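Chain letters run A, B, ... following the sequence lines, proteins first and then strands; every chain starts at 1. The structure presented is a predicted model; accordingly, all values stated were derived computationally and were not measured.
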Amino acid sequence: MARPMSETQTLYAAFAARIGAALAALEEEAVLPAGTPRDAVSVEPPRDPSHGDLATNAAMVLAKAAGTNPRALAERIVEKLAGAPLVESAAIAGPGFINLRLVPATWLAELRAIAALGPDYGRSPIGAGRTVNVEYVSANPTGPMHMGHCRGAVVGDALAALLEFAGHRVIREYYVNDAGGQVDVLAESAYLRYAEALGTDIGEIPPGLYPGEYLVPIGQALAAEYGDRYLDAPADEWRPLFRKRTVAAMMELIKADLALLGIHHDVFSSEAELQAAGKPAHAEAWLREHGLVYDGHLEAPKGKEVEDWEPVELPLFRSTRFGDDQDRPIRKSDGSWTYFGADLAYHMQKAESADELIDVWGADHAGTVKRIKAAVAALSEGQGRTIPFDVKLVQMVQLLRGGEPVKMSKRAGTFVTLADVVREVGKDVVRFTMLTRKPEAQMDFDFAKVVEASKDNPVFYVQYAHARISSTLRKAAAEGIAPADEALDRLGAEELALVALAAQFPREVEAAARAREPHRIAFYLYDLAAAFHAFWNMGNDDPAKRIILTQDAQLTAARLFLAARIGQVIRNGLAILGVEAVEEL
RNA sequence: GCGCCCGUAGCUCAGCAGGAUAGAGCAUCGGAUUCCUAAUCCGGGGGUCACAGGUUCGAAUCCUGUCGGGCGCACCA
């Protein structure tokens, strides 16, 4: 046990392993029952730095299993840890915390580990061997992306990157809702533009159709390709073609918008193709076999008057068996599939190639979470394997400009497009800002504030820290000094404190990945940037604390080495968020 | 009426698997600029973690209820 740390082993991983070894030893001595689960054992920095460098709650969470009290068990664990390499002292505190004080060389080893791992520093194996399907965006293919889609897009994309960094294989997926009635409306709208392109005066776009200008080029393209062939033809003749062509064009628009945000999906699944392949019918048959679909009557909606309510018999999925409030229809009275019916089959399809599913939805779809969770639960049960399934609900974003709400009307076609916003404030600002709040909390997005270049704005604050590091390295290079790790032992307490914070990056990644919360990375980076800015400013008060000391090349090289590693961690974190680490501002 | 989310400093929000004395920014007050980028930093004041119960060695965190705000509640998507 207690192997010395290797070049590339990170601190928290090393000590988690060491404590595990100590616990295993105690199992052999029968102090702990064999096979005691250790999931709740954590290794973390103590709240108060004066307590030491690392703390573990092992004694507290395992005391019950050991049949003793936390402090007594802590003593047994401390015996095993006290003599370990790099440990200066191990003490029991409070209700049974074990505080470890480490020799300073520990931090220097971590610095070298960051250097050795580079862009891989912080990667975790917790997801190894697991494939996660993350479905996000899935905006209807009826027009360009608007700001209502933005937050889910960014959160989903960052979540996918985070899970990948934490070792999962990730499938980024987009569900194209190209089968519903709205797509007919879209086709009709495009048909109008087609007629317009051929010289017909179409006047005002009738209410209910899509009025957006973005359909004009589609109409022109269709006119150029087909001439007036469909101008006086019955709708049945052109509708399927116009649907297909317009949806395809809309998806190109959407993909271009997503590209502006740096988002690229691996898989686009078409609802229409899903239906054409008979997947929903197959799902229905399977569910009927398992007694989970039956023909029954839908209850009238509660708390809401429906004038022409008539009970009809429909095929219902027994979602109440899995916690839903009502059984849900999978087909309409005309026999076509409901959105849910197709979505249910879609989730079955996704589960074929993934161990785990995550959907990122807007909060306006909160009402349908239970039924789709019920569907996946039914699938899990029927297949006899657990399919973990999470729906991340992303709350609304209120758009402001200098404190005033930005007026939007979908009907009038005056929504704020994602492309406009990215053009105005930039990709990095949009992405980072969307991640500075937990997704389930509502947020404001103020155009005036997010472009502010001050510490009030976390994007700039973090990028500024990185730019400062870059410029320092440039300046040092110009003076002929390169970062080097030969004299790291000359680094002082302030420098080691900075390393201690950087060393937490791997566990932040793991915690964020486990919680499926990429915003934690953004907050961590803010803290790390703050620590670096504070460190930097010590050089303003005391010139001896500057990074570049022309009269001491050796110490300068060591400090540059430190600064470069902090920069590396910032880069790795920003990479998860999909934000550029700039070299200068 | 029902379901989901939220409620933490004057404002905007963090709070990491239930852990030690609840944190940051803004605002406010007082300081640092012959400087490697002051686009930054240091310090002061500011809290009944909405409220009431419960679970336990320990709750901002978990459970129940109440109040307040948001979203949703069609065979729509």
Original post:
Whom does B:G58 pair with, Watson-Crick or G-U wobble, provided both distances fall under 3.5 Å?
Top reply: none
Original post:
Between atom CD in A:Glu440 and atom P in B:G72, what is the gap in whole Å?
Top reply: 18 Å
Original post:
Paired with B:C73 by Watson-Crick or G-U wobble geometry, both distances under 3.5 Å: which nucleotide is it?
Top reply: B:G1
Subject >> G-U wobble or Watson-Crick pairing nucleotide for B:U40 (cut-off 3.5 Å, both distances) >> reply: B:A32
Subject >> Span that lies between the C1' atom of B:C42 and that of B:U48, in whole angstrom >> reply: 31 Å
Subject >> B:U55 to B:A9 separation - C1' atoms, rounded to the nearest Å >> reply: 30 Å
Original post:
Considering only the P atoms, how many Å lie between B:G31 and B:C36, rounded to the nearest integer?
Top reply: 25 Å
Subject >> Distance between C1' atoms of B:U21 and B:A60 (Å, rounded) >> reply: 15 Å
Original post:
Can you check whether A:Tyr136 reaches A:Lys392 side chain to side chain, under 4.5 Å on heavy atoms?
Top reply: no
Original post:
Is a donor-acceptor contact shorter than 3.5 angstrom present between the side chain of A:Thr338 and the base of B:C75?
Top reply: no
Original post:
Does A:His365 lie flat on the base of B:A77, that is, centres under 5.5 Å apart and planes under 30° off?
Top reply: yes
**OP:** Scan A:Gly181 against the nucleic acid and name what it touches under 4.0 Å (heavy atoms): base, sugar-phosphate only, or nothing.
**Re:** sugar-phosphate
**OP:** Using a 4.0 Å heavy-atom cut-off across all strands, classify A:Phe523 as base, sugar-phosphate, or nothing.
**Re:** sugar-phosphate
**OP:** Would you mind classifying the nucleic acid contact of A:Tyr526 as base, sugar-phosphate or nothing, using non-hydrogen atoms under 4.0 angstrom?
**Re:** sugar-phosphate
Subject >> Base B:U40 to side chain A:Asn537, donor-acceptor N/O within 3.5 Å cut-off >> reply: yes
**OP:** Let me know the distance between NZ of A:Lys545 and C1' of B:C41, rounded to the nearest Å.
**Re:** 14 Å
Subject >> A:Arg468 vs B:A38: side-chain N/O to OP1/OP2 distance below 4.0 Å >> reply: yes
**OP:** Just call it for A:Pro329: base, sugar-phosphate, or nothing, with non-hydrogen atoms closer than 4.0 Å on any strand.
**Re:** sugar-phosphate
**OP:** Round to the nearest Å and state the distance from A:His466 atom NE2 to B:A39 atom P.
**Re:** 19 Å
**OP:** Output yes when at least one side-chain N/O atom of A:Arg520 is less than 4.0 Å from OP1 or OP2 of B:C13, else no.
**Re:** no
Subject >> Ring centre gap for A:Tyr526 and A:Tyr524 strictly below 6.0 Å >> reply: no
**OP:** Taking A:Arg437 for its side chain and A:His519 for its backbone only, find out whether a donor-acceptor pair lies under 3.5 Å.
**Re:** no
Subject >> Nucleotide B:U40, atom P - distance to CD of A:Gln463 in whole Å >> reply: 13 Å
**OP:** Provide the Watson-Crick or G-U wobble partner of B:G23, both distances under 3.5 Å; none if there is no partner.
**Re:** B:C13
Original post:
Between A:Phe561 and A:Arg565, is there a cation-pi geometry (under 6.0 Å to ring centre, at most 45° from the normal)?
Top reply: yes
Original post:
Checking all strands, does A:Arg331 fall into the base, sugar-phosphate, or nothing category for heavy-atom contacts under 4.0 angstrom?
Top reply: nothing
Original post:
Base, sugar-phosphate, or nothing: which does A:Ser336 touch, judged by heavy atoms less than 4.0 Å apart?
Top reply: nothing
Original post:
Which nucleotide, in any strand shown, forms a Watson-Crick or G-U wobble pair with B:G65, with both distances under 3.5 Å?
Top reply: B:C51
Original post:
In terms of the angle between their ring planes, are A:Phe445 and A:Phe447 parallel, tilted or perpendicular, with boundaries placed at 30° and 60°?
Top reply: perpendicular
**OP:** Mind calculating the distance between CG (A:Asp527) and P (B:C41) to the nearest angstrom?
**Re:** 12 Å
Original post:
Between A:Tyr175 and A:Tyr346, how do the two ring planes meet: parallel, tilted or perpendicular, split at 30° and 60°?
Top reply: parallel
Original post:
The side chain of A:Phe460 lies closest to which of these nucleotides: B:C71, B:A39, B:C35?
Top reply: B:A39
Original post:
Base, sugar-phosphate alone, or nothing: which one does A:Gly367 contact when heavy atoms must sit under 4.0 Å apart?
Top reply: sugar-phosphate
Original post:
Taking only side-chain nitrogens and oxygens of A:Tyr461, does any of them come within less than 4.0 Å of OP1 or OP2 of B:C41?
Top reply: yes
Original post:
Within the structure, does a side-chain N or O atom of A:His519 lie under 4.0 Å from either OP1 or OP2 of B:G15?
Top reply: yes
Original post:
Can you find a side chain N or O atom of A:Trp361 that sits less than 4.0 Å from OP1 or OP2 on B:C71?
Top reply: no
**OP:** Have a look at A:Asn99 and say if it touches a base, only the backbone sugar-phosphate, or nothing, with a 4.0 Å heavy-atom cut-off.
**Re:** base
Original post:
Does A:Lys438 place a side-chain N or O at less than 4.0 Å from the phosphate oxygens OP1/OP2 of B:G7?
Top reply: yes
**OP:** Using the C1' atoms only, state how far B:C62 lies from B:U56, rounded to an integer number of Å.
**Re:** 11 Å
**OP:** Give the rounded distance in Å between these two atoms: CG of A:Asp48 and P of B:A22.
**Re:** 12 Å
Original post:
Which part of the nucleic acid does A:Ala93 contact within heavy-atom distance under 4.0 Å: base, sugar-phosphate only, or nothing?
Top reply: base
Subject >> Heavy atoms of other groups near A:Lys449 NZ, more than 12 under 6.0 Å >> reply: no
Original post:
Using atom C1' of each nucleotide, how far apart are B:G47 and B:A24 to the nearest Å?
Top reply: 14 Å
Subject >> side-chain N/O A:Lys449 vs B:C13 OP1/OP2, d < 4.0 Å >> reply: no
**OP:** Check every strand shown and say whether A:Met538 touches a base, only sugar-phosphate, or nothing at a heavy-atom separation below 4.0 Å.
**Re:** nothing
Original post:
With sugar-phosphate meaning primed atoms plus P, OP1 and OP2, does A:Ala63 contact a base, only sugar-phosphate, or nothing at under 4.0 Å between heavy atoms?
Top reply: nothing
**OP:** For A:Leu316 and B:C75, give me the distance from atom CG to atom P, rounded to whole Å.
**Re:** 9 Å
Original post:
Aromatic rings A:Phe389 and A:His347: how do their planes relate, parallel, tilted or perpendicular, breaks at 30° and 60°?
Top reply: perpendicular
Original post:
What does A:Ala363 touch in the nucleic acid at a heavy-atom separation under 4.0 angstrom: a base, only the sugar-phosphate, or nothing?
Top reply: sugar-phosphate
Original post:
Phosphate oxygens OP1/OP2 of B:U37: is one of them under 4.0 Å from a side-chain N or O of A:Ser471?
Top reply: yes
**OP:** Taking atom types as modelled, find out whether A:Gln182 and A:Thr142 have a side-chain donor-acceptor pair closer than 3.5 angstrom.
**Re:** no
Subject >> A:Glu273 CD: over 12 foreign heavy atoms closer than 6.0 Å >> reply: no
Subject >> Gap between atoms CZ and P, on A:Arg437 and B:A24 respectively (whole Å) >> reply: 17 Å
**OP:** Indicate, with a heavy-atom threshold strictly under 4.0 Å, whether A:Ala512 touches base, sugar-phosphate, or nothing.
**Re:** nothing
Original post:
Touch check for A:Gly539, heavy atoms < 4.0 angstrom, all strands: base, sugar-phosphate only, or nothing?
Top reply: base
Subject >> Spacing of the C1' atoms in B:C26 and B:C4 (rounded, Å) >> reply: 31 Å
**OP:** Could you measure between the two C1' atoms, the one in B:C49 and the one in B:C13, and give it in whole Å?
**Re:** 13 Å
